[in-house]
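The structure appears below as structure tokens.
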Amino acid sequence: MDFLRTLFSRTLGISTPEKVLDELSLEGVSKFMLSEKCKNVVCMVGAGISTSAGIPDFRSPGSGLYSNLQKYNLPYPEAIFQIGFFKENPEPFFALARELYPGQFKPTICHYFIRLLKEKGLLLRCYSQNIDTLERVAGLLSDDLVEAHGTFHTSHCVGTFCKAEYSLSWMKEKIFSDLIPKCEKCNNLVKPDIVFFGESLPSRFFSTAKSDFPKVDLLIVMGTSLQVQPFASLVSKVPINTPRLLINKEKTGEGETFLSFLGLGGGMDFDSDKAYRDVAWLGNCDDGCLALAESLGWKAELEELVKKEHAAIDAASQKSEKKTEQKEETKTDQKEEKKE
């Protein structure tokens, strides 16, 4: 095998990349992050960074979303996110949306770790598969984010010639009133701007990835199975000597590509004798971020940020609930006055 690798490498004029990590460990990654060599960090995140907020991931046996959709009487679990099925039968999706709707959950330690990367001037971009908007709640702006699978943040009419846009608050009012959202202009269905099976990813995903990934110094992958394309393919878009850190419950992203065969990259390689840049930290994503923050000397700062932001969210929620109660009391008083 080594002979074949050497033969192909010489024939193609490819040399084994230089290692940039002192060691293939979390400590090696943190040391690199604190060096002058690390200026542009890209995060790739999936549902695993939101599970501690109470939002289920998709594929975990028993607890995952696809394992708990029996009550919607679907022909198969993925149908709830199939655009064709949605247009014919939107009720199951909106029932599920009511359970998972943004505004009911707080960002996790992972979300605030990404926010901290931004505050430290290291975050180039966060590429997210999630539709829960928790990255935004945690303080990332639109320019910091590529929401690869769309977002609940905005919604549009599905009508071919209409495409009218609606806000998060408009959609929320409809969903929590048990109404199927219909366009006020043409009466077609209105769908949150999340990407269903059968739909194209946002053009921003492709254009931003094309400009971002050639200049990535460190790729951090968290809470994703890397099973859905084309998102999963991004791990191979970074320069061949760029370190890649996986924080996840299990190893993923490993691939038997031609370049992997040569020991030169492509799919992630954590364990072979040719491994030179990939590090896996296995366990809960929040614990992984805390461990990395501790190694960086940022743990106390991260914990304080989480505490402060969660307190602000709780205060805002209590204020909103109080306003709602006051409105209900006013409506009740007005009804009583009319009776008199």
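In this structure, K106 does not pair ionically with E309, as no charged nitrogen and carboxylate oxygen lie closer than 4.0 Å. Ion pairing between D278 and R244 holds under the 4.0 Å rule for side-chain N and carboxylate O. Under a 4.0 Å N-O distance rule, the pair K118/D144 qualifies as a salt bridge.
S30 contributes atom OG, which lies 10.5 Å from atom CD of E294 (distance to the nearest 0.5 angstrom). Atoms CG and CE, on L117 and M33 in that order, are 5.0 Å from each other to the nearest 0.5 Å.
By the neighbour-count criterion of 12 heavy atoms within 6.0 Å, atom NZ of K237 is sparsely surrounded, having that number or fewer from other residues, nucleotides or ligands. Enclosure of atom NZ in K120 by more than 12 non-hydrogen atoms of other residues, nucleotides or ligands within 6.0 angstrom is indicated. No more than 12 heavy atoms of other residues, nucleotides or ligands sit less than 6.0 Å from atom CD of E250.
A donor-acceptor pair under 3.5 Å is absent between the side-chain atoms of E173 and the main chain of S177, judged by distance alone. With H111 contributing its side chain and T108 its backbone, the two residues share a donor-acceptor pair below 3.5 Å. For the pair T133 (side chain) and R136 (backbone), a donor-acceptor distance under 3.5 Å is absent. At distances below 3.5 Å, at least one donor-acceptor pair connects side-chain atoms of N130 with backbone N or O atoms of A47. Proximity of a side-chain donor or acceptor of Y112 to a complementary backbone N or O of E303 within less than 3.5 Å is not detected. Between the D217 side chain and the K39 main chain, a donor and an acceptor come within less than 3.5 Å of each other.
In summary, the side chains of S128 and E135 do present a donor paired with an acceptor at a separation below 3.5 Å, with no hydrogens or angles considered. Judged by distance alone, the side chains of D286 and S52 do bring a donor and an acceptor atom under 3.5 Å apart. Side chains of Q129 and T224: a donor-acceptor N/O pair is present below 3.5 angstrom, by distance only.
Among residues two or more places apart in sequence or in another chain, the side chain to side chain contact (heavy atoms under 4.5 Å, CB included) test is passed with T208 by R125, Y127, V146, R204, D212. Residues meeting the side chain to side chain contact (heavy atoms under 4.5 Å, CB included) test with T242, sequence neighbours left out: V216, V238, P239, R277. Here K174 pairs with W170, L179, P181 under the side chain to side chain contact (heavy atoms under 4.5 Å, CB included) rule; sequence neighbours left out. For H156, there are no ring-ring contact (aromatic ring centres under 6.0 Å, His included) partners at least two apart in sequence or on another chain. Judged as a side chain to side chain donor-acceptor pair (under 3.5 Å), and not counting sequence neighbours, the contacts of E199 are K191. With sequence neighbours excluded, the residues satisfying side chain to side chain contact (heavy atoms under 4.5 Å, CB included) with K251 are E254, F270, D271, A280, L282.
Across V20 and F32, no two heavy atoms sit closer than the pair O-CD1, 3.9 Å. The shortest heavy-atom contact between M171 and S155 is CE-OG, 3.3 Å. A pairwise comparison of heavy atoms in I247 and C289 identifies CD1-N, 4.4 Å as the closest pair. Annotation for V42 and F213: closest pair CG1-CZ, 3.9 Å, computed over non-hydrogen atoms. Between G253 and L226, the shortest heavy-atom distance links the atoms CA-CD1, 3.6 Å. For the pair L122 and C38, the tightest heavy-atom approach, listed with the atom from each and the gap, is CD2-O, 3.4 Å.
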Can F93 and F196 be said to form a ring-ring contact (aromatic ring centres under 6.0 Å, His included), step by step? CA-CA 11 Å; F93 169 76; F196 279 27; 5.2 Å; yes
Test ring-ring contact (aromatic ring centres under 6.0 Å, His included) applied to H149 and F197, step by step: CA-CA 10 Å; H149 294 167; F197 295 114; 8.5 Å; no
For I131 and E147: C-alpha separation, side-chain torsions, deciding distance, then whether side chain to side chain contact (heavy atoms under 4.5 Å, CB included) applies. CA-CA 7 Å; I131 57 175; E147 292 159 316; over 6 Å; no
Passes salt bridge (Lys or Arg N to Asp or Glu O under 4.0 Å), K31 versus D22? Steps please. CA-CA 8 Å; K31 186 176 179 181; D22 288 346; 2.7 Å; yes
If you apply the rule salt bridge (Lys or Arg N to Asp or Glu O under 4.0 Å), what do you find for E304 with K308, and how did you get there? CA-CA 6 Å; E304 181 58 32; K308 180 186 73 173; over 6 Å; no
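Taking 4.5 Å as the limit, some side-chain heavy atom of V195 sits within range of a side-chain heavy atom of P202.
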